[in-house]
Amino acid sequence: MAETRLKQIGGLLARQGIFVAFALFMIGFAIFSDRFLSVENIMSVLRAAAIIGVMALGVTVVVIGGNLDLSVGSMLSFSTVMVVDLHDKIGPGAAIGVTLVATLGLGAVNGLLVGVAKLNSLIVTLGMLSAIQGLTLIYSGGKNVDIANQDTTWFKIFGRGYIADIPTPIVIFALAAVVLHVVMAYTPFGRRVYATGGNQTAAVFSGIRRNRVVFATYLISATCVAISAIILGSRVMGSQNNVGQGYELQALAAVILGGTSLLGGAGTIWKTVIGVLILGFIQNGLLLLGFEYYVQWLVTWAVIILAVWLDIAAKRGRLWSPIA
């Protein structure tokens with residue numbers, strides 16, 4: 001009886017352990033910091049998490065399709081530098097349009113190499129990470145960029161504005177999550193992405209155009225990066241050449257924390273949202289408790305290892321390997 005109960009608890013932890021851990025983190029932070037659950041702090045965390053959150057949504061679609069996208073951090077740097085630089089030259093509206101097209105072009109390169117040429121997504125996007133960072137430096141001449149009239153431009157609404165007393169980045173993040181959830185859960189395209197990620201050979205024999213599906217997932221990821229860049233540029237009103245450095249790892253960490261399988265074919269948009277919130281609130285809680293910034297990376301590493309372990313445990317139905 002006791003052994004059966006332990007197996008049930010182990011199975012529950014394997015399936016929902018990361019949410020249990022998140023709840024324990026939240027309770028612990030709330031006990032030791034009276035500011036943690038304040039409305040002001042929660043809004044601040046959600047506003048900051050929206051940038052990585054929108055990116056993570058696009059990465060989720062790519063991963064469900066059976067691939068990876070490690071170029072999103074450098075792509076964010078490029079897109080943010082471009083939209084900020086063009087703001088004063090051609091106006092905010094045109095700058096947003098040009099940045100979106102340019103970012104989609106970078107996503108199309110990823111899609112062609114992985115989807116059409118059938119190259120390994122890890123190698124392709126890792127190479128694109130370096131290539132896009134170099135492209136960013138070439139574009140900017142190695143100089144940081146800033147918007148001149150920061151208080152008068154309507155561009156600030158994306159990063160600093162409010163919609164019905166809710167920070168605009170949070171609204172954008174929520175809308176992006178709803179749209180992609182509907183696309184992935186209720187459309188034929190979403191079902192094709194899951195099928196392609198689950199078993200590419202079976203998907204092809206079922207009549208699914210694998211190259212088109214993969215190409216489309218990278219375009220979606222690039223679109224999400226462009227949206228994040230607009231939010232980031234609007235919030236900071238300037239950009240450094242390496243502003244997106246490390247964002248690809250945080251976005252991928254949020255995807256993994258949300259339970260999306262790195263093998264493809266499994267995962268949901270809403271769980272990625274939860275993964276983003278887990279990272280955001282844990283980092284915020286550590287800062288409120290007085291821990292140094294670098295401690296966040298150590299805790300993030302530990303949480304990712306825990307998430308991967310629980311993901312594997314959920315597939316085999318137990319926390320520990322039956323071989324050991």
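As a basis for the values below, the full set of heavy atoms in this structure was taken, side chains included, without hydrogen atoms, waters or symmetry mates.
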Following the transitive rule for hydrophobic clusters with a side-chain heavy-atom cut-off under 4.5 Å over Ile, Leu, Val, Met, Phe, Trp and Tyr, establish whether Leu289 and Ile42 coincide in one cluster.
yes
Go through the steps for Leu219 and Leu104 under the test side chain to side chain contact (heavy atoms under 4.5 Å, CB included), then give the verdict.
CA-CA 6 Å; Leu219 288 185; Leu104 284 173; 4.3 Å; yes
What residues, two or more places apart in sequence or in another chain, satisfy ring-ring contact (aromatic ring centres under 6.0 Å, His included) together with Phe29?
Phe25, Phe36
If every non-hydrogen atom of Ala251 is compared with every non-hydrogen atom of Val59, which pair is closest and at what distance?
CB-CG2, 4.4 Å
Beyond-backbone contact of His87 with Pro92, side-chain heavy atoms, under 4.5 angstrom:
yes
Counting neighbours of CZ on Arg212 that are heavy atoms of other residues, nucleotides or ligands and sit closer than 6.0 Å, is the number greater than 12?
no
Run Ile220 and Phe189 through side chain to side chain contact (heavy atoms under 4.5 Å, CB included) and show every step you take.
CA-CA 12 Å; Ile220 291 173; Phe189 171 76; 3.7 Å; yes
Taking every heavy atom of Met55 against every heavy atom of Gly73, the minimum-distance pair comes out as CE-N, 4.3 Å
Asn242 side, atom CG; Asn144 side, atom CG - distance, nearest 0.5 Å:
8.0 Å
Membership question, hydrophobic clusters at under 4.5 Å side-chain separation (ILVMFWY): are Val45 and Ile27 in the same one?
yes
Those residues at least two apart in sequence (or on a different chain) that pass side-chain hydrogen bond (donor to acceptor under 3.5 Å, both in side chains) with Asn284 are Asn41
From CG (Leu106) to CD1 (Ile132), nearest 0.5 Å
4.5 Å
Side chains of Leu277 and Leu46: closer than 4.5 Å at any heavy-atom pair?
yes
Taking the side chain from Ser261 and the backbone from Leu263, do they hold a donor-acceptor pair closer than 3.5 Å?
yes
Between the side chain of Lys156 and the main-chain N/O of Asp151, is any donor-acceptor distance below 3.5 Å?
yes
Taking the side chain as everything from C-beta on, heavy atoms only, tell me whether Leu122 gets closer than 4.5 Å to Leu70.
yes
Shortest non-hydrogen separation from Val145 to Val81 and the atoms involved
CG2-O, 3.8 Å
Between Phe78 and Tyr139, what is the ring plane arrangement, given parallel below 30°, perpendicular above 60°, and tilted in between?
perpendicular
Approximate separation, where rounding is to 0.5 Å, of Ile96 CD1 and Ser79 OG
12.5 Å
Here the gap from Leu180 atom CG to Thr268 atom OG1, rounded to the nearest 0.5 Å, amounts to 12.0 Å
Geometric cation-pi criterion, Arg47 with Tyr162: 6.0 Å, 45°
yes
Side chains of Val83 and Phe155, heavy atoms from C-beta outward: is any pair under 4.5 Å?
yes
Kindly give the heavy-atom pair with the smallest separation between Gly65 and Gln200, and that separation in Å.
O-NE2, 4.3 Å
Within the 4.5 Å heavy-atom criterion, are Leu252 and Leu262 side-chain neighbours or not?
yes
Arg235 (side chain) donor-acceptor with Arg160 (main chain) under 3.5 angstrom
no
CE (Met82) and CD1 (Ile230) are apart, to the nearest 0.5 Å, by 12.0 Å
If hydrophobic clusters are built by linking Ile, Leu, Val, Met, Phe, Trp and Tyr wherever their side-chain heavy atoms come under 4.5 Å apart, do Leu112 and Val213 end up in the same one?
no
Answer whether the closest heavy-atom distance between the side chains of Glu248 and Thr125 falls below 4.5 Å.
no
When you measure from the side chain of Ser121 to the backbone N and O of Leu68, does any donor-acceptor pair fall under 3.5 Å?
yes
Between the main-chain N or O of Val54 and the side-chain N or O of Ser228, is there a donor-acceptor pair closer than 3.5 Å?
no
Side chains of Trp270 and Val178 in contact at under 4.5 Å (non-hydrogen atoms)
yes
Test item: Ser77 side-chain N/O and Gly244 main-chain N/O as donor-acceptor pair under 3.5 Å:
yes
Given 3.5 Å as the limit, does a donor-acceptor pair link the side chain of Gln133 with the main chain of Asn241, or not?
yes
The test is side chain to side chain contact (heavy atoms under 4.5 Å, CB included); show your working for Tyr186 and His181 and say whether it passes.
CA-CA 8 Å; Tyr186 301 107; His181 170 71; 3.8 Å; yes
In this structure, are over 12 heavy atoms from other groups packed under 6.0 Å from Gln150 atom CD?
yes
Do Phe173 and Ile51 make a side-chain contact, defined as non-hydrogen atoms from C-beta onward lying under 4.5 Å apart?
no
Ile64 and Ala266 have their tightest heavy-atom pair at CG1-O, 4.0 Å
Show the numbers, then the answer: is there a side chain to side chain donor-acceptor pair (under 3.5 Å) between Asn110 and Ser71?
CA-CA 9 Å; Asn110 282 335; Ser71 66; 3.0 Å; yes
Starting from the C-alpha separation in whole Å, work towards a yes-or-no answer on side chain to side chain contact (heavy atoms under 4.5 Å, CB included) for Thr60 and Met184.
CA-CA 10 Å; Thr60 301; Met184 294 300 293; over 6 Å; no
How long is the span from the CD1 atom in Ile147 to the CE atom in Met237, to the nearest 0.5 Å?
5.0 Å
Please check this pair: side chain of Thr153 against backbone of Asn149, looking for a donor-acceptor N/O pair closer than 3.5 Å.
no
Heavy atoms of Gly238 and Thr80 approach each other most closely as O-CG2, 4.4 Å
